[in-house]
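Atoms within a ligand are numbered from 1 in the order they appear, just like the ligands themselves.
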Amino acid sequence: MVNKHNFSTKCVHEGDIKDTMYQGIVSPLFMSTTYPWFGGDAEKKPYPRYFNTPNQEFLSKKIASLENGEKALIFTSGMAAISTSIMANVKIGDHIIFQNDLYGGTRNFIQTELDKFGIQYSFTKGLDIDDFKAEIKKNTVGIYIETPSNPLLKIVDLELISSLAKEDGMWTMIDNTFASPVNQNPINYGIDIVCHSATKYLGGHSDISAGAVISTKSKIDKILDSAKNFGGNLSDYTVWLLERSMKTLLVRVREQTDNAKILAKILDENNNISKVYYPGLESHPTHDIAKKQMNDFGAMMSFDLNKNIDVYSFLKSLKIIKPGMSLAGVESTVNFPMKTSHGLMTQEERDIQGIGDKLIRLSVGIESHEDLLNDLNQAINLSIK
Ligand SMILES: *Cc1c(COP(=O)(O)O)cnc(C)c1O
């Protein structure tokens with residue numbers, strides 16, 4: 001469990017900027033892109049693309065502390081954080097091992113960009129530690145994982161991955177978006193670099209695009225060297241909005257997680273649903289690993305509707321829950337992975353991962369769980385063929 005008191009105080013106060021002019025209680029917003037220089041190290045002066053304006057510096061302190069890291073950088077999107085962090089840690093001829101199940105955008109980045117720069121990669125066949133071992137080559141420099149994974153909430157063992165990598169001097173990087181810092185802190189288990197799509201739980205209101213990376217000071221400084229070249233810094237205005245959102249991170253995600261735990265149990269007994277994928281269910285194949293390394297089981301789940309239920313009719317019949325592409329907002333959303341997030345994969349690739357044609361992904365919000373359940377049930381009942 002996270003130390004809730006400590007965590008929630010950090011959500012509200014860590015890294016807030018004092019308003020020394022008027023003593024207002026929220027952080028002021030500094031929009032300036034230019035600060036005076038009379039000599040000395042120019043790169044130490046605040047400049048948005050150096051990731052060191054006052055608002056960037058202070059919010060990155062909050063984000064780093066919530067993940068138990070030393071330093072963080074804030075980007076315009078999750079993909080900017082992920083792609084910059086990967087490119088900063090490879091050179092021509094290097095090889096990276098990627099977990100098989102990954103966010104679609106990350107997989108697309110790997111498959112369309114890395115070849116151009118002579119960077120080799122393999123996707124694991126499964127998610128056991130032996131699947132990762134099997135892909136190690138002489139030139140492997142790093143392992144990249146995403147747990148719980150999208151959309152089937154599969155779990156990878158963080159401790160085993162980090163010790164495997166350390167034996168060979170490889171770096172480890174994780175996409176921790178689905179868990180959020182509330183439900184999982186991978187640095188505690190030896191993972192080196194933690195990435196987030198802050199568009200999801202850190203923002204939490206489906207109205208901000210942002211990303212973040214957290215690590216030790218030396219690893220972040222290395223990523224910063226590349227980040228200054230790629231230029232994916234977030235505008236200070238959005239940094240300020242993200243700070244406002246993050247004050248409620250714990251209360252939002254805790255409520256979402258509590259709702260999800262209740263829904264998963266009840267949906268698991270629903271005769272119109274053939275399977276529920278949620279790491280908090282004891283029937284989940286890697287429930288024990290989730291229990292060991294997660295503070296709580298998160299607010300993302302998926303389920304397979306029965307064969308006789310029409311998916312499009314189900315999506316159209318929902319009244320509270322919104323069909324949408326994104327996730328993690330305070331409003332519940334559903335998505336149809338086969339046609340959206342995983343629509344670019346071949347049928348064979350989807351079959352290997354277990355993404356079926358009745359699979360629905362549910363991002364649980366903060367509405368009342370009774371209302372959410374009633375909404376799901378009435379939509380299912382209207383869609384039985
Ligand atoms: C959304 C998402 C991303 C990409 O984030 P953007 O902010 O859209 O660039 C990466 N990983 C996961 C798990 C995501 O859900």
**Prompt:** Purely on distance, is any nitrogen or oxygen of Gly78 under 3.5 Å from one on ligand 1?
**Reply:** yes
**Complete:** The protein heavy atom nearest to atom 9 (O) of ligand 1 is Met79 N, 2.8 Å
**Item:** Validation row: Pro181, Phe7 side chains within 4.5 angstrom (heavy atoms)
**Value:** yes
**Message:** Considering non-hydrogen atoms of the protein only, which is the closest contact for atom 5 (O) of ligand 1, and what is the distance?
**Reply:** Ser197 OG, 2.9 Å
**Asked** Ring centres of Phe336 and Tyr312 under 6.0 Å apart?
**Response** yes
**Asked** Can you list the atoms of ligand 1 that are under 4.0 Å from a heavy atom of Asp175?
**Response** 10 (C), 11 (N), 12 (C), 13 (C)
**Prompt:** How about Glu67 and His196: does a side-chain donor come under 3.5 Å of a side-chain acceptor?
**Reply:** yes
**Message:** Quick check: do Tyr277 and Asp304 have side-chain heavy atoms less than 4.5 Å from each other?
**Reply:** yes
**Asked** So, Ser83 versus Glu113: side-chain donor-acceptor pair below 3.5 Å or not?
**Response** no
**Request:** Report yes if Ser209 has an N/O atom closer than 3.5 Å to an N/O atom of ligand 1; otherwise report no.
**Result:** no
**Request:** Name the closest protein heavy atom to atom 4 (C) of ligand 1, giving the residue it belongs to and the distance to 0.1 Å.
**Result:** Tyr103 CE2, 3.4 Å
**Request:** Could you find the nearest protein heavy atom to atom 7 (O) of ligand 1 and give me its residue, atom name and distance?
**Result:** Thr199 OG1, 2.6 Å
**Request:** Identify, for atom 14 (C) of ligand 1, the protein heavy atom at the shortest distance, and state residue, atom and that distance.
**Result:** Lys200 NZ, 3.0 Å
**Request:** Establish, from distance only, whether the side-chain atoms of Asp296 and Thr257 form a donor-acceptor pair under 3.5 Å.
**Result:** no
**Asked** Taking only heavy atoms of Ile82, which atoms of ligand 1 are found under 4.0 Å from at least one of them?
**Response** 10 (C)
**Prompt:** Under 6.0 Å between the ring centres of Phe303 and Tyr278?
**Reply:** no
